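Below is one structure, written out as structure tokens, with a few remarks after it.
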Amino acid sequence: MTPAAENASRLRSWWGWGYQDTQPDDAECLALGALLPGTLARPLPVPRVADLAVGRPAVTPPPSLARLVSDDPGDRAAHAMGKAYRDIARALRGRPGRIPDLVARPTGDREVADLLDWAGARGVAVVPFGGGSSVVGGVEYRGDAHRAVLSLDLTSMDRVLEVDPVGRSALVQAGALGPVLEDQLRPHGLTLRHFPQSFEFSTLGGWLATRAGGHYATGRTRIDDFAQSLRVVTPAGTSASWRLPASGAGPSPDRLFLGSEGALGVITEAWMRVQERPRHKASAALAFTDFRRALDAVRAVAQSDLAPANCRLLDPGEALFSGASKDGTSILVLGFESATGPVDGRLATAVELARDGGGRTGADTSGGGAVGAWRSAFLRMPHLRDGLARMGAVVETFETAATWDRVPALIEAVRTEVGAAARAATGQPATVNCRLTHVYPDGAAPYFTVAVAGRPGDEVAVWDEIKAAATDVLHRHRATITHHHAVGRDHRPGYDRQRPEPFALALRAAKGALDPHGILNPGVLLD
């Protein structure tokens, strides 16, 4: 049975990450809470849809669209928000975001267009929804409380429509969840090989709309690199770019919609560059006693022509939490893969570069030890965050990118200033860990985790204070507000400060032309 088929009958958690049967139980929550001073004596109860005040829909679809639409309270609650800490904390306290009036599941472009036409005529806000894994407030409505809201769930549009084995490309509908997409490519011996942490619970359209980062730590790190052409349904018509290997014909139409987060149109399908499935893999882990030297070693690997698939540096706190190291060292995880030939030589060269920078190797070359511990913890981390949230802890994760000359000072400033802000907001000691998730010849993408016991009942306000402090640090160090989590609503203040005003002017004009009634995901990217 394929992974997608195995998961088809499992119930997703409406409020937390993943499936209901993978959420931490009370005992695991208590064990997690013991790691942070000041957390609750017992975990908050798992929230129930039955306890929510889900009102009657404020709008009724026309008979021609009624078969596509659900007003079920559980369905609506599951589409009210994403999976950021802010969302989890509100759900645990019985205060989720604005619950949409309706959930629509179109099966093709024509139905998407019809739903947009109806919503435009009625002034209904439309929030495009893939897997609902947004961690930046990208799939919830925070506008006028009296406005009707439609959640446009695209997961019924989940087929691989065509495969071109000669050009190694595939035409895929945007609602395909990661496992569903890979299951359909596997019989062709092909893979997209884009594995974000949310792989099981996010869609191709979501990846494209948020410019998601994926499996590769170097080289083709972003979904942008795999997109060949897009088809986008907007209230002003359908945009379908040509399928080309490359083009210099003016500004790229695809670039307009990549990262547009559903504010300019609804991505319905895309031609994607796929590849043969890898047959050769090799990995290793190196320990560093000096984190600054570890940064230099990672830069040396990134500036080589080795192009490792995995090149992730964990600071001592991150290494301890993941089980990759317990002796206060930083851990560099290296991995190589290929469909055409052995990669052991490239791994050996990368290991030597890292050794020259002070790294020392262990016996881990086969996915066990530090590499295996990191991989397991990476997939489990969102569940552990939910467990800590049930103990009243505030857990914020954010990522960024900066040039190498700014990275060391940036990391130190986040550790110092954001940690101080968390302590000032709660009176409790805070933990701030860092890892590098993606590296480039000219810079790196640090990913931070902040954990602190919250003020009971006031966890979202604490989170807001931490987020504001982080946004300020990133701006002062000219680090992007997001490397791959997207802007959504939570990163809007940082995005507004980062983007040039002439570009903002052009973006507003594009929004007005493509979405004249202002129905598409209001509040994302633009007011």
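Residue numbers run from 1 in the order of the sequence given. Predicted model only: the values in this text are computed from it and were never measured.
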_Using a 6.0 Å cut-off, check whether atom CZ of Arg497 has over 12 heavy atoms from anything other than its own residue._
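Correct, the count exceeds 12.
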
Flag the pair [X] and [Y] as a salt bridge only when some basic side-chain nitrogen lies within less than 4.0 angstrom of an acidic carboxylate oxygen.
X: Arg273; Y: Asp225; value: no
X: Arg186; Y: Asp183; value: yes
X: Glu140; Y: Arg489; value: no
X: Arg299; Y: Asp296; value: yes
X: Arg390; Y: Glu28; value: no
X: Lys467; Y: Asp490; value: no

*Kindly confirm or rule out a cation-pi arrangement of Arg346 over Phe336, judged by NZ or CZ under 6.0 Å from the six-membered ring centre and within 45° of its axis?*
no

_On the six-membered ring of Tyr216, is Arg220 placed so that its NZ or CZ lies under 6.0 angstrom from the centre and within 45° of the ring axis?_
yes

Side-chain contact test, heavy atoms from C-beta onward, threshold under 4.5 Å: evaluate it for [X] versus [Y] and give yes or no.
X: Ser239; Y: Phe257; answer: yes
X: Leu177; Y: Asp158; answer: no
X: Asn521; Y: Pro128; answer: yes
X: Cys311; Y: Val298; answer: yes
X: Asp224; Y: Arg255; answer: yes
X: Arg193; Y: Pro278; answer: yes
X: Val301; Y: Pro308; answer: yes
X: Leu258; Y: Leu230; answer: yes

Smallest separation among heavy atoms of [X] and [Y], with atom names:
X: Leu314; Y: Ser322; value: CD1-OG, 3.8 Å
X: Gly357; Y: Phe288; value: O-CE2, 3.6 Å
X: Ile88; Y: Arg385; value: CG1-NH2, 3.4 Å
X: Gly178; Y: Trp207; value: CA-CH2, 3.8 Å
X: Val450; Y: Ala422; value: CG1-CB, 4.2 Å
X: Val136; Y: Ala84; value: N-CB, 4.3 Å

*Answer yes if the side chains of Gln173 and Thr268 hold a donor-acceptor pair under 3.5 Å, and no otherwise.*
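No, because no side-chain N or O of Gln173 sits under 3.5 Å from a partner of the opposite role on Thr268.
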
*asked:* Checking Asp327 against Thr329: is there a side-chain donor and acceptor pair closer than 3.5 Å?
replied: yes

With rounding to the nearest 0.5 Å, note down the distance linking [atom1] in [X] to [atom2] in [Y].
X: Leu313; Y: Thr437; atom1: CG; atom2: OG1; result: 11.0 Å
X: Leu286; Y: Glu352; atom1: CG; atom2: CD; result: 9.5 Å
X: Glu318; Y: Thr431; atom1: CD; atom2: OG1; result: 11.0 Å
X: Thr397; Y: Phe448; atom1: OG1; atom2: CZ; result: 12.0 Å
X: Ser202; Y: Gln197; atom1: OG; atom2: CD; result: 10.5 Å
X: Arg415; Y: Leu410; atom1: CZ; atom2: CG; result: 10.5 Å

_Using side chain to side chain contact (heavy atoms under 4.5 Å, CB included), reason through Leu185 and Val172 one step at a time and then give a plain yes or no._
CA-CA 10 Å; Leu185 292 176; Val172 187; 5.5 Å; no

*Given side chain to side chain contact (heavy atoms under 4.5 Å, CB included), test His485 with Glu399 step by step and report yes or no.*
CA-CA 7 Å; His485 278 176; Glu399 32 64 74; 3.2 Å; yes

_Is the distance from the ring center of His483 to that of His438 below 6.0 Å?_
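Between His438 and His483, which both carry aromatic rings, the centre distance is below 6.0 Å.
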
*asked:* For Arg12 and Glu200: C-alpha separation, side-chain torsions, deciding distance, then whether salt bridge (Lys or Arg N to Asp or Glu O under 4.0 Å) applies.
replied: CA-CA 11 Å; Arg12 287 279 301 274; Glu200 280 187 275; over 6 Å; no

_Pair Arg423-Val452, side chain to side chain contact (heavy atoms under 4.5 Å, CB included): steps then yes or no_ = CA-CA 8 Å; Arg423 184 174 189 122; Val452 65; over 6 Å; no

*Mind telling me whether His215 and Phe195 have parallel, tilted or perpendicular rings, with 30° and 60° as the class edges?*
perpendicular

*His484 vs Tyr447 aromatic rings, parallel, tilted or perpendicular, using cut-offs 30° and 60°?*
parallel

*List the steps and the verdict of side chain to side chain contact (heavy atoms under 4.5 Å, CB included) for Ile481 and Arg492.*
CA-CA 9 Å; Ile481 190 63; Arg492 267 293 305 281; over 6 Å; no

For the backbone of [Y] and the side chain of [X], can you confirm whether one donor and one acceptor N or O come within less than 3.5 Å of each other?
X: Glu261; Y: Gly488; value: yes
X: Arg231; Y: Ala270; value: no
X: Arg222; Y: Arg211; value: yes
X: Gln303; Y: Pro441; value: yes
X: Thr416; Y: Ala413; value: no
X: Thr39; Y: Gly33; value: yes
X: Ser133; Y: Gly131; value: no

*Going through the checks in order, is the side-chain hydrogen bond (donor to acceptor under 3.5 Å, both in side chains) test met by Thr155 and Asp153?*
CA-CA 6 Å; Thr155 52; Asp153 186 316; 2.5 Å; yes

